[in-house]
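Throughout, protein chains are lettered first and strands after them, A, B, ... in sequence-line order, and every chain is numbered starting at 1.
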Amino acid sequence: MPELPEVETIRRRLASAVTGRRIVGGEAHSSAKFAPATAAIGAAISTVDRRGKYLLLALDDGRDLVVHLGMTGSLALDDSSDPYVRARWQLDDGTTLRYRDIRRFGRIAVVPRGDYASMPTLAAQGPDPFDETFTPDSLWRATRRSTARIKTQLLSQRPVAGVGNIYADEALWRAGTDPARRSITRAQAERLHGAIREVLAQGIANGGTTLRDYRTFDGTTGTNQHALDCYGRHGEPCNRCGTTLVRRVIDARSTTHCPSCQPRR
DNA sequence: CGCAGCGCCTGAAGGC
DNA sequence: TGCCTTCAGGCGCTGC
């Protein structure tokens, strides 16, 4: 479940490994989600950027190689093979960049730079959480345009890009906001804005959260799973007030919250 | 246009 | 022991 901190952790190491390299060969799984990977053959990688959970490898011919890791996707320099490798790019220094994805929820595309019509979530997503355009007011205005539950709004990527199920639970817990609310006050938006930045910055500092499949570019695990206050801790005491954390399902997403710190209404 | 529901995927874990 | 069910969940698509 790579979310922004996991993708950013991968991006930093990926950038130092592949920036400036030319893609001289490659192959991909035949499904429409991965087959476009081979369209990048022949181009060189100028930069490795990130927007929300999407990796953007800018190519020197004016296109972007877009990689979304889905639930179980990972990237590594590794030329070995196993049944879950969905794409492979040979680079001009003799190394091989490998995309592995057990459940195939990820996606690879090659598009003209900035043309994300084929990836509607990327095209419509909100500001990066560390961008100056993400402010308490921008968050509050976004939530006022929607009637969906606040957690579902965060998962939509529209108020801010990069938040998934883990960091949504963490941020809402930190802000003291009930995830099932359909609207929030200006004061709550202020707290939630700060909480989102804090939990994501902490996740990056800890190299990401490894619960099941996530691995860094080097194949190691992150350590943020040891720093979680809320996600997956249902049945355990709240780290702030001691109340037992409760699990419930919100719009088909497993959700943990503190009934005392995150009251209804 | 926004929202809600569904399907995609596969391994791990739990029940009987 | 082994089979079956449930769960994890980001995102694209569809229907209202």
Quick one: label A/R100 by what it contacts on the DNA or RNA (base, sugar-phosphate, nothing), any heavy atom closer than 4.0 Å. nothing
Please tell me if the side chains of A/F134 and A/R197 come closer than 4.5 Å, counting only heavy atoms from C-beta onward. yes
I'd like to know if the side chain of A/D251 reaches the main chain of A/T152, judged simply by a donor and an acceptor atom lying under 3.5 Å from each other, with no hydrogens or angles considered. no
Whole-Å distance between C/dG10 P and A/Q125 CD? 14 Å
Sidechain-backbone polar pair: A/Q202 side chain, A/V199 backbone, donor-acceptor under 3.5 Å: no
Compare side-chain N and O positions of A/R158 against OP1 and OP2 of B/dG2 and report whether any pair is under 4.0 Å apart. yes
Quick one: on DNA chain B, does A/R86 or A/D251 contact a more 5' nucleotide (nearest heavy atom)? A/D251
So does A/D60 pair up with A/R22, basic N to acidic O under 4.0 Å? yes
Here the residues of residues 146-153 of chain A within 4.0 Å heavy-atom distance, strictly under, of DNA chain B are A/S146, A/T147, A/A148
Starting at the 5' end of nucleotides 11-16 of chain C, put B wherever the base has a protein heavy atom under 4.0 Å, S where only the sugar-phosphate does, and a dash everywhere else. BS----
Please report, rounded to the nearest Å, how far the P atom of C/dG10 is from the CZ atom of A/R104. 19 Å
Please report the distance, rounded to the nearest Å, between NZ in A/K33 and P in B/dC9. 6 Å
Does A/R240 make a cation-pi contact with A/W173, if we ask for NZ or CZ under 6.0 Å from the ring centre and within 45° of the axis? yes
Less than 4.0 Å between a side-chain N and a carboxylate O, is that true for A/E190 and A/R186? yes
Check: A/G164 main-chain N/O paired with A/E3 side-chain donor or acceptor under 3.5 Å: yes
Base, sugar-phosphate, or nothing for A/R182, non-hydrogen atoms under 4.0 angstrom? sugar-phosphate
Return yes if some donor-acceptor pair links the side-chain N/O of A/Q262 with the main-chain N/O of A/L172 below 3.5 Å, else return no. yes
Whole angstrom is fine here: how far is it from CG in A/D169 over to P in C/dG10? 10 Å
Return yes if some donor-acceptor pair links the side-chain N/O of A/R100 with the main-chain N/O of A/Y84 below 3.5 Å, else return no. no
Side-chain contact test, heavy atoms from C-beta onward, threshold under 4.5 Å: evaluate it for A/M119 versus A/V66 and give yes or no. yes
Please report the end-to-end axis angle for the helix from B/dG2-C/dC16 to B/dC16-C/dG2, five pairs per end, rounded to 10 degrees. 40°
Check: B/dC9 base within 3.5 Å donor-acceptor of A/R103 side chain: yes
d(CZ, A/F34; P, B/dC8) in whole Å: 15 Å
Check A/D101 with A/R86, please: is the shortest side-chain N to carboxylate O separation under 4.0 Å? no
Considering only B/dT10, C/dG10, C/dA8, which nucleotide approaches the side chain of A/I102 most closely? B/dT10
